[in-house]
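Taking it in order: structure first as structure tokens, then the write-up.
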2 protein chains.
Amino acid sequence: MVDAPGTPWHGPASVAVRQANLRERNLAALVAGVCRATSPPSRADLATELSMTRATAARLVDELVAAKVVDEVERERTGRGRPALALRPGSGIVAVGLAIETDRVLARAVDLRGDVVVDRVAPTASRDPESVLDALAREAREVRARLRGRRVVGVGVAVPGIVTDDGRLLRAPNLGWNDVDVAGALQPFAGRHRVLVANEADMAAFVEAEPAPGRPGDWSDFVHVSAAVGVGGSIVTGGRVVAGEHGAAGELGHVCVDPSGPACACGSTGCLERYVGLEALAAVSGLDRDDVAAGMGPRAAEGDVRCQVALEQVTHALSVALASVVNVVGISSVVLGGHLATLPPATLDAIQQRLDARVLGSRWTPVRVRAARGDDAAAATGAAHSALGDVLARPAAWV
Amino acid sequence: MVDAPGTPWHGPASVAVRQANLRERNLAALVAGVCRATSPPSRADLATELSMTRATAARLVDELVAAKVVDEVERERTGRGRPALALRPGSGIVAVGLAIETDRVLARAVDLRGDVVVDRVAPTASRDPESVLDALAREAREVRARLRGRRVVGVGVAVPGIVTDDGRLLRAPNLGWNDVDVAGALQPFAGRHRVLVANEADMAAFVEAEPAPGRPGDWSDFVHVSAAVGVGGSIVTGGRVVAGEHGAAGELGHVCVDPSGPACACGSTGCLERYVGLEALAAVSGLDRDDVAAGMGPRAAEGDVRCQVALEQVTHALSVALASVVNVVGISSVVLGGHLATLPPATLDAIQQRLDARVLGSRWTPVRVRAARGDDAAAATGAAHSALGDVLARPAAWV
DNA sequence: GCAATATGTTTGATGGTCGAACTTAAGACG
DNA sequence: CGTCTTAAGTTCGACCATCAAACATATTGC
């Protein structure tokens, strides 16, 4: 990615740095180094990578080990010289990631290595905010009860709607919620930790950008499509999720595919959601809503005409809508998530080809399309990752 | 703006910080403080604002004054106590901002205060890359000859096209250029300074985000439309310009307004550029291309039917195209630049109202539309600002 | 003229990192 | 088996930027 013209310097950077911050930042750099590494590094490896002295690296790492933010593990003999003590992200540090979906709630604990330590899903009978949030808090407590002494460092919640800075869910069309204080409802569970609430699309995108806490994914600039009942989008540049002004980065579902298309609840016509949303695809393919993700591709391959039509509809609508997006934001990589992550490779190829034809810059940087790697609870994982981000950013607070 | 879910920490932050960096960063923080301030601050003001001691602030500021990065000025007596020595960004530090347009080249020198010190414009007879770049270098040298001992700290170039990391202009449709090494051509002029090449739309957006170097504008999150012969767009979040993968953040001009509209050179149909680009508006309004910006509004007010039609066309096309953009990126503020900056207020209001009707989130955060503040050489100013950014980011290199 | 007030300056103390020497634990080789 | 080589981790004094607090300076107000 090209440098944006100059980096305005009136950001958080314009605060004085003191010696304590220096130590803080070096601790953070070390944790980042351990998380980023593909094979567990030693103190000496970190020192050379970060160009600090072994002395400093070792002293700081000792503190991190004492705080269990990183673990020392045996490393297989690698060559001559004194064998190194390899370092891995601490498995004793976890965050709780929660997610509210239209008909279920999810709660999981993820450790600094990105391993899902505890995982729970509970269907919700009613969509009443109070009962849903009660169920969510109950699952969260169940998760915490199964942690066997691991240290919880944060709580994140993924919600399908527009969110305020202070964790209120302003509007969730598919839940029918208006102005629900999600952070407030979960604060009793979180205790002194801040409850980090964000849009599920952003959370899922975050997992694609960073498959494990602090470890960058293979692409650092892409548009992420999270498809479920609603269709959302997030933009990732330089490995960072760009959230819009209300954390609903992309109302991608309401990009116009065809002005003369079917009416949408949003008041417009021919919105993307009416072509690739779960409801729409269930109707066209003839499948049950829960079977769309797994069934559409195989059925089409077996010759099911309705599923073939559904795939063609997805291909057409996505290539039209994403062409606009790619042209507008100048990012030519696309990751498809949710039930679109299970589209057959041939469909992905078709989408890519049609995008190439519609996108201006494709001659210079061809469009790339791939399926999301996260599981169907990516948003909950992302919520946990976000909460773990505090440890990566300021490990000093935990030593 | 809502925090994006967690900030991935594998960025530039994962480098060890040494004591020298500490000093560097504090120097940068002080310069930023001086630039950001609305009224010239004293050493003591800066110390309290940045929460460092007066001792440190004074010591570092002394170095900055010696290097002429900041100037000491008399401050009018404000109250009792020892009178302060006020500080302003140094007027002796300038950067040269260059711009290539379809039929002219621009060169200006801008100092750290944001004042344009020297300004030159030269029409170009041919569009041959070599002759245009020669003319540009000539104007740049003219500018430098008039600087009277001011110190040049960088060179920036705004170009109407897609740019690579190393300053090559891959493609500029309206110039008919392909793969021209702009940075290389200007390197002899720039000497040891890096030649910073970026898209004109991004450069112009930068000026809106930061009207003077280091001073944040009134909006920090907006979509910027730069309209000329081509129509470009840039996205600014958190005061930073988000450049796409090839620095052509937004090919906004090729967002589809109406699939059944007129054919566009890009191969598609009904592109925004065909409705609000200079050529299109000149044709509809019956005005000369150079008179569109200044003439369209007044003529329409006087009852010129063709100009009224043109304004209506602009209103319609912009509200359709921008609705997509606003929905996609979740940023609901729009700044119109280029010849769209002179649209009459009534037209801006009309665009805003139609956008509100089309944008989902407008109930929560209404869409705001305003005209750009920059002059018609905003891109050149932005190029200079970008180059000055080096001084703001690492003043230590200049002391 | 003197108290009050606030800016700027000097001084020694503090704390985190650097550099270099030292210790430790393995493999390599005769 | 013993010695050499290599590389990881450790110790210790030096350095340097900041801090804290006292001091010097310049103006207002009485």
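Lettering follows sequence order; numbering is per chain, from 1.
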In whole Å, what is the span from the [atom1] atom of [X] to the [atom2] atom of [N]?
X: A/Asp62; N: D/dG9; atom1: CG; atom2: C1'; answer: 9 Å
X: B/Arg59; N: C/dT11; atom1: CZ; atom2: P; answer: 14 Å
X: A/Glu72; N: D/dA8; atom1: CD; atom2: P; answer: 15 Å
X: A/Glu24; N: C/dT17; atom1: CD; atom2: P; answer: 11 Å
X: A/Arg43; N: C/dA25; atom1: CZ; atom2: P; answer: 14 Å
X: B/Met52; N: D/dA20; atom1: CE; atom2: P; answer: 13 Å
X: A/Arg25; N: D/dT18; atom1: CZ; atom2: C1'; answer: 17 Å
X: A/Leu22; N: C/dT14; atom1: CG; atom2: P; answer: 19 Å

Just to verify, what does [X] make a side-chain hydrogen bond (donor to acceptor under 3.5 Å, both in side chains) with, not counting sequence neighbours?
X: A/Asp218; result: A/Arg370, A/Arg373
X: B/Arg146; result: B/Glu142
X: A/Asp390; result: none

Quiz item: Heavy atoms under 4.0 Å, any strand shown: does A/Leu60 hit a base, just sugar-phosphate, or nothing?
Solution: sugar-phosphate
Who passes side-chain contact (heavy atoms from CB on, under 4.5 Å) against [X], sequence neighbours left out?
X: B/Asp166; answer: B/Thr164, B/Arg168
X: B/Ala44; answer: B/Ser42, B/Arg54
X: B/Ala55; answer: B/Thr53
X: B/Gln19; answer: A/Leu22

Taking only N and O in the side chain of B/Asn26, is any of them less than 4.0 Å away from OP1 or OP2 of D/dT18?
-> yes
### Message
Is B/Thr53 close enough to D/dC19 that one of its side-chain N or O atoms is under 4.0 Å from OP1 or OP2 there?
### Response
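The answer is yes; a side-chain N or O of B/Thr53 sits under 4.0 Å from OP1 or OP2.
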Here DNA chain C, pairs taken as Watson-Crick or G-U under 3.5 Å and shown with ( ), [ ] when crossing and | when to another strand, reads ||||||||||||||||||||||||||||||
Side-chain atoms of B/Arg82 come closest, of C/dA25, D/dC19, D/dT25, to D/dT25
### Message
Nearest to the side chain of B/Arg18, heavy atoms from C-beta on, is which of C/dT17, D/dT10, C/dG8?
### Response
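The answer is C/dT17, which lies nearest to the side chain.
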message: Ignoring hydrogens and geometry beyond distance, is the side chain of A/Gln19 in donor-acceptor contact with the base of C/dG16 at under 3.5 Å?
response: no
What nitrogen or oxygen pairs link the protein and nucleotides 11-14 of chain D at under 3.5 Å?
none

Practice task
Could I get the full list of salt bridge (Lys or Arg N to Asp or Glu O under 4.0 Å) partners for B/Arg23, not counting sequence neighbours?
Solution key: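 Salt bridge (Lys or Arg N to Asp or Glu O under 4.0 Å) check on B/Arg23 returns B/Glu63.
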Applying salt bridge (Lys or Arg N to Asp or Glu O under 4.0 Å) to B/Arg18 and not counting sequence neighbours gives none
*Quick one: does A/Met203's side chain get under 4.5 Å of A/Leu196's, heavy atoms only?*
yes
Answer yes or no: does atom CZ of A/Arg150 have more than 12 heavy-atom neighbours from other residues, nucleotides or ligands under 6.0 Å?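 Yes, because the 6.0 Å sphere around CZ of A/Arg150 holds more than 12 heavy atoms from other groups.
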Compute whether any side-chain donor of one residue and acceptor of the other, for B/Asp202 and B/Ser234, lie under 3.5 angstrom apart. yes
message: Please compare B/Ala86 and B/Gly81 by the position of their nearest nucleotide in DNA chain C and report the one closer to 5'.
response: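 Final value for this comparison: B/Gly81.
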Which atoms of nucleotides 28-30 of chain C (N or O only) lie under 3.5 Å from a protein N or O atom, and what are those distances?
| from | atom 1 | to | atom 2 | distance (Å) |
| --- | --- | --- | --- | --- |
| C/dA28 | O4' | A/Arg80 | NH1 | 3.4 |

